[in-house]
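Working notes, structure below.
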Amino acid sequence: MINKTIIEILKPLNIPVTFQKYTGKAETYITFHEYLTSGEAYEEDEEALIGHYIQIDIWSKGDYTVIVKEAKEKLRKAGFRRLNESDLYEEDTKIYHKGLKFYYLEEGEMNA
């Protein structure tokens, strides 16, 4: 469910967005994964709130500043909270890499 949500949020950026791995030919693309899911609140021994900890990775051969800004804005407007971010450079592939970590709180099954 969260994967589909992220793809829909980032789709307007008009670059490929995929879960975990990208195998296409675009020089700029986004991958993402959920590195932690946890119960955040409970009611009657059921998860009332679920926390999703997500990493969004923006990959590009060029300047990705505008894409990063737009992605953060779209995720924030959709209820995601930014935790941290880091700039990286992948020496082996000569690609710039921006890692963005977000937190998203979702109502559990009992509240849905």
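Model, not experiment: these values are computed from the prediction.
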May I ask you to test the [X]-[Y] pair for a side-chain heavy-atom distance under 4.5 Å?
{"X": "I54", "Y": "Y35", "answer": "no"}
{"X": "L105", "Y": "I50", "answer": "no"}
{"X": "D57", "Y": "I30", "answer": "no"}
{"X": "E27", "Y": "S60", "answer": "no"}
{"X": "E106", "Y": "I2", "answer": "no"}
{"X": "F80", "Y": "H52", "answer": "no"}
{"X": "Y96", "Y": "T65", "answer": "no"}
{"X": "Y104", "Y": "L75", "answer": "no"}

To the nearest 0.5 Å, what is the distance between [atom1] ([X]) and [atom2] ([Y])?
{"X": "K98", "Y": "I58", "atom1": "NZ", "atom2": "CD1", "answer": "8.0 Å"}
{"X": "Y103", "Y": "E40", "atom1": "OH", "atom2": "CD", "answer": "3.5 Å"}
{"X": "L13", "Y": "Y29", "atom1": "CG", "atom2": "OH", "answer": "15.5 Å"}
{"X": "T28", "Y": "Y22", "atom1": "OG1", "atom2": "OH", "answer": "9.5 Å"}
{"X": "I67", "Y": "K72", "atom1": "CD1", "atom2": "NZ", "answer": "13.0 Å"}
{"X": "K74", "Y": "I6", "atom1": "NZ", "atom2": "CD1", "answer": "15.0 Å"}

Answer with yes or no whether the side chains of [Y] and [X] bring together a donor and an acceptor at under 3.5 Å.
{"X": "Y64", "Y": "D87", "result": "yes"}
{"X": "T5", "Y": "E8", "result": "no"}
{"X": "W59", "Y": "T31", "result": "yes"}
{"X": "Q55", "Y": "H33", "result": "no"}
{"X": "T18", "Y": "Q20", "result": "no"}

(request) Give a yes/no verdict on a cation-pi contact between K101 and Y53, requiring under 6.0 Å between NZ or CZ and the six-membered ring centre and an angle within 45° of the axis. (result) no

(request) May I have the step-by-step check of side-chain contact (heavy atoms from CB on, under 4.5 Å) for I7 and F32, ending in yes or no? (result) CA-CA 9 Å; I7 290 168; F32 66 92; 3.7 Å; yes

With a cut-off of 6.0 Å (strictly less than), are more than 12 heavy atoms of other residues, nucleotides or ligands near [atom1] of [X]?
{"X": "K94", "atom1": "NZ", "result": "yes"}
{"X": "R81", "atom1": "CZ", "result": "no"}
{"X": "D45", "atom1": "CG", "result": "no"}
{"X": "K61", "atom1": "NZ", "result": "yes"}

(request) Check step by step if side chain to side chain donor-acceptor pair (under 3.5 Å) holds for E90 and T93. (result) CA-CA 6 Å; E90 307 297 332; T93 57; 5.6 Å; no

(request) May I have the step-by-step check of side-chain contact (heavy atoms from CB on, under 4.5 Å) for F102 and R76, ending in yes or no? (result) CA-CA 9 Å; F102 287 88; R76 183 186 57 76; 5.8 Å; no

(message) Between K77 and E73, does any side-chain N to carboxylate O distance fall below 4.0 Å?
(response) yes

(message) Quick check against the 3.5 Å criterion: does K4 have a side-chain atom that pairs as donor or acceptor with the backbone of M1?
(response) no

